[in-house]
Amino acid sequence: MLTLHLSENSSALSLPAEGKTLLALVAGQDKARLREVVAGKIAGKLVDLQSLPADGDEIFLVEAASEEGLSVLRHSAAHVMAEAVQAVFPQAKVTIGPAIKDGFYYDFDVEKPFTPEDLEAIEKQLKAQLKKGSTFVRREVERQEAIDLFRAMGEDYKVELINELPAGETISLYQSGKFVDLCRGPHLPDTSYLKGCVKLLSVAGAYWRGDEKNRMLQRIYGTAFASKEALQAHLFMLEEAKKRDHRKLGKELDLFSIQDEAGAGFVIWHPKGALLRTLLEDFERRQHLKRGYQIVMGPQMLKADLWKRSGHFDHYRENMYFTRIKEDASDSGEGQEYGIKPMNCLAHMLIYNSHLRSYRDLPLRYFELGTVHRHEPSGVLHGLLRVRCFTQDDAHIICTPEQLQQEITGILEFVAEVMNFFGFPYSLELSTRPEEKSIGSDADWERATAALIQALAENQLDYVINAGDGAFYGPKIDIKLKDALNREWQCATIQCDFTLPERFDLSYIGKDGEKHRPIMLHRVILGSIERFIGILIEHYAGAFPLWLAPEQVRIVTVTDAHNEYGAEVAKILRDADIRVEADFRNEKLGKKIREAQLEKVPYMLVIGDQEVTTKTVAPRLRKQGETLEPMRVEKFIAHLQDELKKL
RNA sequence: GCCGAUGUAGCUCAGGUGGUAGAGCAAUUGAUUCGUAAUCAAUAGGUCCGCGGUUCGAGUCCGCGCAUCGGCUCCA
C-alpha cells in the first residue's frame, strides 16, 4: 500500500501500489487533477509522474503553477528548445539548461552566434515540435555508457559534466523527441503541458561555467508558464516594467542625462533631478544627525601614497582614476601623483587621527555624502544603476571592541527604519573573505566575521551566506531590497574592518591609560544615491510621493484672464514652502492638465472664473484624475502639510 | 572587459537592391480666450555617432573607434 495526497485539502488516500506509475494512480482517482500537476514528491524529493512509486511511499503532488512545478515545466521547456536548436543547427553542442527565476535558458556552443532571425526560426521549430508532441522518457545508465553515448554524439560538454559527477551518483538521461540529455529530472510526462505556454525571449553571450576565462557560449533565454493566460500576464508585466525603466522616465521627466561628450557613466543632473536628489540628501542628513552621526567632508582626491598605504592601490587600482600634476615648469620629475577617491574611508581616518582620542570619545560616527569615482568596465554601465561617478551615504564608525555589537545592531535598525519608510522589503546576506586579493590576518577576518554573525543572531535576523564575496579589507552584511516589480537590488552594506585601523595606526587611550586599537565599521544605507534614485523612479513609476516630488503643485489657469489670481496663489504656496509651478500658457485647460498629468505632478490647481470670484482653488489629484472640492488656498496648504506629516 | 544588436531633427520613429533626407510631438510666429488627458495654421530645424576606405556618387557597402541596448563576468 502507499499513501497519495491528491491535493492539499483532500484527505490522504490509501492505495495499492500494483506496479502502476504515479500518472496512472492519479488518473485512476481524478482525471481532471492530472492536468494540474506536473510531478510528485516523495520524502521531499521530486519525482516524475512516470515513475513507479514503491510500497509504503507517501506521495504529494506538485502543481504546475507552484514554484517547484514551474521549475519542472521550465526545465522541460529548456529540453524542447534544445531539441529545436539542434534541429535548426545540427552542429550546435549543448551545455547546460536550467530553470531560473521567471524562466529558463540553455547554453549552446555554436560556430556563429545566433541572430534574432535564428531565434525566430528556433521558436518556429519549437512550436512545430510542441504541435507534434512527444513524451519525456527517463533512463538510468552506467557512467561509461553515458560517456560513450555523449562522446559518440560529439557532446563534449556533457562528457565533461559526467566526468565530474561524484562516484555513486545515479546518472539519468531524459529523451524527448530526438533529443537526449543528461539530466537529474524530473520532467513533464509529455510536451502537451507546454503548448502555447512557452516563449523565447532573447539571445546573449555567456561564459561556459560563468568563468570569463572560458569560451563564450550562446545563451537563449525563454520562459514558460502553467497556462497561456499566465504566460500572457507575464509578458504584459515585462512591458509594464519597460514603461517604468528609469532611463526612459529620467528622460521623459527631465531628471538627468548621461551624454557621450561628457563621458560614459557620468550622470548630469537636470534641475528637477537635482532637486529630487537634494531632497533625498536632506532627508539623509536629518536621519543621520538624529542618530548621533557627525557630518564630515573629504577632498575628491588624495595623494597616491595614501592609497598605497590603505591597500587600495594594490587591490583596487584597476578601478581607480589617477592624475599627475607638475608643481612647476622646473619640476623635472613626474610630479605628484594623486588618486581620485573610489571610497570615502581615508579622509575619515585622517580626521580621527587629527586628535588624540580617548575611549570616552567613542564611538565616533562620521557621515559623508561622499562622491566617489570608480572606473567600471564599459559593458556593465546601466543608467543610474551602474555608473562611474556616484555619491554614497557613507559612514565610518570607529569604536571599541566592546561597542562593536551594539553599533552593528544600531546600523541594522537604521536600515530597517529607512527601508520601512520607503516601503521596501529586504533580505540579508553575509559575505565572507574573498579567496584572492584581500588584506589582513586570518584571525582578524575571523573576529570580524564572527562579530557580524553575532549581531545578526542577536537581532534574530535571517540571512544567507555569500562565501568569498566580502570587500578586500573585511567581511560584510549586504542588504538586498525588493522593489514594486519584485526585483532585487543591493543597496545597504555593513562592513567590519580590523585592517585599516591597523594600517593607519588608529588608536585611543583606554581606561587603563594604555593605547588601544579601535575597530572600524564601513556602512551605507541607501548605498549609491544615483542607484537608489534609479530604483525609486522605477518603484514609483516616476510618480514620486509628495515629499520627494520636484514639483508638488501645478497651477493651471483656464484662460489668461485668470493668470493674475493664479500668480497670487502661486506666491502664497511658495511662501508656505510648497514647490509650485504655474502654467500660464495660452493653451486649453485639457492640454495643460494632460501635460501636468504626464509629468506626474501630485496636485494640479485649476483656476477659472469660479475660483477667481470665490477666492478658491480647485485641486485635481494625479491619481486617476480625482478632484477635491474647491477650497481656499489656506485650506489646501493645510491639506498638503497634513499629507507631508504622515510620512 | 567578453558576445550580439543598435546609433537619422530636442523627443519618438520612417527612409527595398548606393543617386546629397521625411512624419508626429516639441520649438518659433500668428489666430483662438476655450472648465478637468492633445485648438488651428504657418515657419524654422539635420556634421544621417566619429574617423578612414570602396565608388563618378555613401544615411545606405567595408574597416576601425565611440556610445547605447540585451546578456555574461564584475559591482554601490
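All chains are named by letter (A, B, ...) in the order of the sequence lines, taking the proteins before the strands, and each is independently numbered beginning at 1. FYI, side chains are in, hydrogens and waters are out, and symmetry mates aren't considered; it's all heavy atoms of this structure.
- A:Gly608 comes within contact range of at least one nucleobase, with a heavy-atom separation under 4.0 Å.
- With hydrogens and angles disregarded, no donor-acceptor distance shorter than 3.5 Å links the side chain of A:Asp497 to the backbone of A:Leu521.
- Only the P atoms considered, B:G16 is 15 Å distant from B:C49, to the nearest whole Å.
- Checked against A:Phe256 for a side-chain contact (heavy atoms from CB on, under 4.5 Å), the options A:Ile268, A:Ile537, A:Leu276 give a single hit: A:Ile537.
- Using a 4.0 Å heavy-atom criterion, one finds that A:Gly379 contacts the bases of the nucleic acid, with or without backbone contacts as well.
- The nucleotide B:G16 finds no pairing partner, because no Watson-Crick or G-U wobble arrangement with both distances shorter than 3.5 Å includes it.
- Among the heavy atoms of the strands, none lies under 4.0 Å from A:Asp211.
- If you run ring-ring contact (aromatic ring centres under 6.0 Å, His included) between A:Phe422 and each of A:Tyr540, A:Trp489, A:Phe532, only A:Phe532 comes through.
- A:Glu530 comes within 4.0 angstrom of no nucleic acid atom, judged by non-hydrogen atoms across all strands.
- Remark: A:Arg620 is in phosphate contact with B:A37, judged by side-chain N or O atoms under 4.0 Å from OP1 or OP2.
- Residues A:Phe313 and A:Phe322 place their aromatic rings such that the two centres sit under 6.0 Å apart.
- If you check B:G46 for Watson-Crick or wobble pairing at under 3.5 angstrom, you find it has no partner at all.
- Look at the P atom in both B:G50 and B:U8: the space between them is 10 Å, to the nearest Å.
- Among the protein residues, A:Ala596 comes within range of no part of the nucleic acid, since none of its heavy atoms lies under 4.0 Å from any strand.
- In terms of heavy atoms, A:Ile535 sits closest to A:Cys491 at CD1-SG, 3.6 Å.
- Protein atom CD of A:Gln218 is 10 Å distant from nucleotide atom P of B:C3, rounded to whole Å.
- For B:G70, one of the phosphate oxygens OP1 or OP2 lies less than 4.0 angstrom from a side-chain nitrogen or oxygen of A:His382.
- Residue-level contact check: A:Val380 touches the bases, meaning some heavy atom is under 4.0 Å from a base atom.
- In this model, the phosphate group of B:U36 is not approached by any side-chain N or O of A:Thr627 to a distance below 4.0 Å at OP1 or OP2.
- Contact annotation for A:Val372: no contact, since no heavy-atom pair falls under 4.0 Å across all strands.
- A straight line from CZ of A:Arg388 to C1' of B:C74 spans 13 Å, rounded to a whole angstrom.
- Comparing B:G59 with B:U20, their P atoms sit 10 Å apart, to the nearest whole Å.
- One can place CZ of A:Arg386 at 6 Å from C1' of B:C74, the figure rounded to the nearest angstrom.
- Annotation: cation-pi pair A:Arg74/A:Phe225 present, NZ/CZ under 6.0 Å from the ring centroid and within 45° of its normal.
- Of the nucleotides present, none pairs with B:A9 by Watson-Crick or G-U wobble criteria with both distances under 3.5 Å.
- A 3.5 Å limit on both hydrogen-bonding distances identifies no Watson-Crick or G-U partner for B:U55.
- The listed nucleotides are B:G1, B:C3, B:G35; the one nearest the side chain of A:Glu212 is B:G1.
- In the set B:G4, B:A37, B:C75, B:G4 carries the atom at the smallest distance from any side-chain atom of A:Pro113.
- With hydrogens and angles ignored, no donor-acceptor pair closer than 3.5 Å exists between the side chain of A:Arg219 and the base of B:C3.
- Between A:Asp260 atom CG and B:U47 atom P the separation is 16 Å, expressed in whole Å.
- Taking only side-chain atoms of A:Ala618, from C-beta outward, the nucleotide of B:C3, B:A76, B:U36 with the closest atom is B:U36.
- Side-chain proximity of A:Tyr207 to the nucleotides B:C75, B:G1, B:G35 is greatest for B:G1.
- Residue ring and nucleobase are not stacked for A:Tyr221 and B:G71 under a centre distance beneath 5.5 angstrom and an angle between planes beneath 30°.
- Partners of A:Tyr221 by ring-ring contact (aromatic ring centres under 6.0 Å, His included), not counting sequence neighbours, listed by chain and number: A:Tyr105.
- Judged by closest nucleotide on RNA chain B, A:Glu611 is the one of A:Glu611 and A:Ala471 placed further toward the 5' end.
- Between A:Lys591 and B:A26 there is a side-chain N or O to OP1 or OP2 distance below 4.0 Å.
- A:Lys199 has a carboxylate O that lies under 4.0 Å from a charged side-chain N of A:Glu123, or vice versa, which qualifies the two as a salt bridge.
- Taking atom CG of A:Asp394 as the reference point, atom P of B:C75 lies 18 Å away to the nearest angstrom.
- Base pairing analysis places B:G4 opposite B:C69; the two distances defining the Watson-Crick or G-U wobble pair are each below 3.5 Å.
- Of the C1' atoms belonging to B:C34 and B:G45, the separation is 30 Å, rounded to the nearest Å.
- For the C1' atoms, the distance from B:C13 to B:A26 is 14 Å, rounded to whole Å.
- Using a 4.0 Å heavy-atom cutoff across all strands shown, A:Ala561 reaches no nucleic acid atom at all.
- Set against B:G1, B:U33, B:C75, the side chain of A:Ser378 has B:G1 as its closest nucleotide.
- Comparing the C1' positions of B:C75 and B:A21 gives an interatomic distance of 43 Å, to the nearest angstrom.
- The separation of B:C61 from B:G24, taken at their P atoms, amounts to 27 Å, rounded to a whole angstrom.
- Using the six-membered ring where Trp is involved, A:Phe414 and A:Tyr293 have ring planes that are tilted, between 30° and 60° apart.
- The heavy-atom pair separating A:Ile411 from A:Ile525 by the smallest distance is CG2-CD1, 4.4 Å.
- Using a 4.0 Å cut-off, no side-chain N or O of A:Lys213 falls inside it from OP1 or OP2 of B:C2.
- For A:Leu589, whose side chain is taken as the heavy atoms from C-beta onward, the closest listed nucleotide among B:G35, B:C3, B:A76 is B:G35.
- With both pairing distances under 3.5 Å, B:U60 is matched to nothing as a Watson-Crick or G-U wobble pair.
- Following rounding to the nearest Å, A:Lys341 (NZ) and B:A76 (P) show an atom-to-atom distance of 17 Å.
- If you take CZ of A:Phe114 and P of B:G71, they are 18 Å apart, rounded to a whole angstrom.
- Between A:Phe108 and A:Tyr106, a ring centre-to-centre spacing shorter than 6.0 Å is recorded.
- Mapping A:Leu598 and A:Val524 onto RNA chain B by nearest heavy atom places A:Leu598 closer to the 5' end of the strand.
- Of all nucleotides listed (B:G1, B:G35, B:A76), B:A76 comes nearest to the side chain of A:Arg374.
- Residues from residues 239-259 of chain A lying near RNA chain B, meaning a heavy-atom separation below 4.0 Å, are A:Arg247, A:Lys251 in numerical order.
- Residue contacts shown for A:Arg531 include a base, since a base heavy atom lies under 4.0 Å away.
- Atom C1' of B:C48 sits at a distance of 11 Å from the matching atom of B:A58, rounded to the whole Å.
- Across all strands shown, B:A31 is found opposite B:U39 as a Watson-Crick or G-U wobble partner, with both distances under 3.5 Å.
- Proximity of the aromatic rings of A:Tyr321 and A:His375 is defined here by a centroid distance below 6.0 angstrom, and this criterion is met.
- Contacts of A:Glu376 with the nucleic acid, taken as non-hydrogen atoms under 4.0 Å apart, include base atoms.
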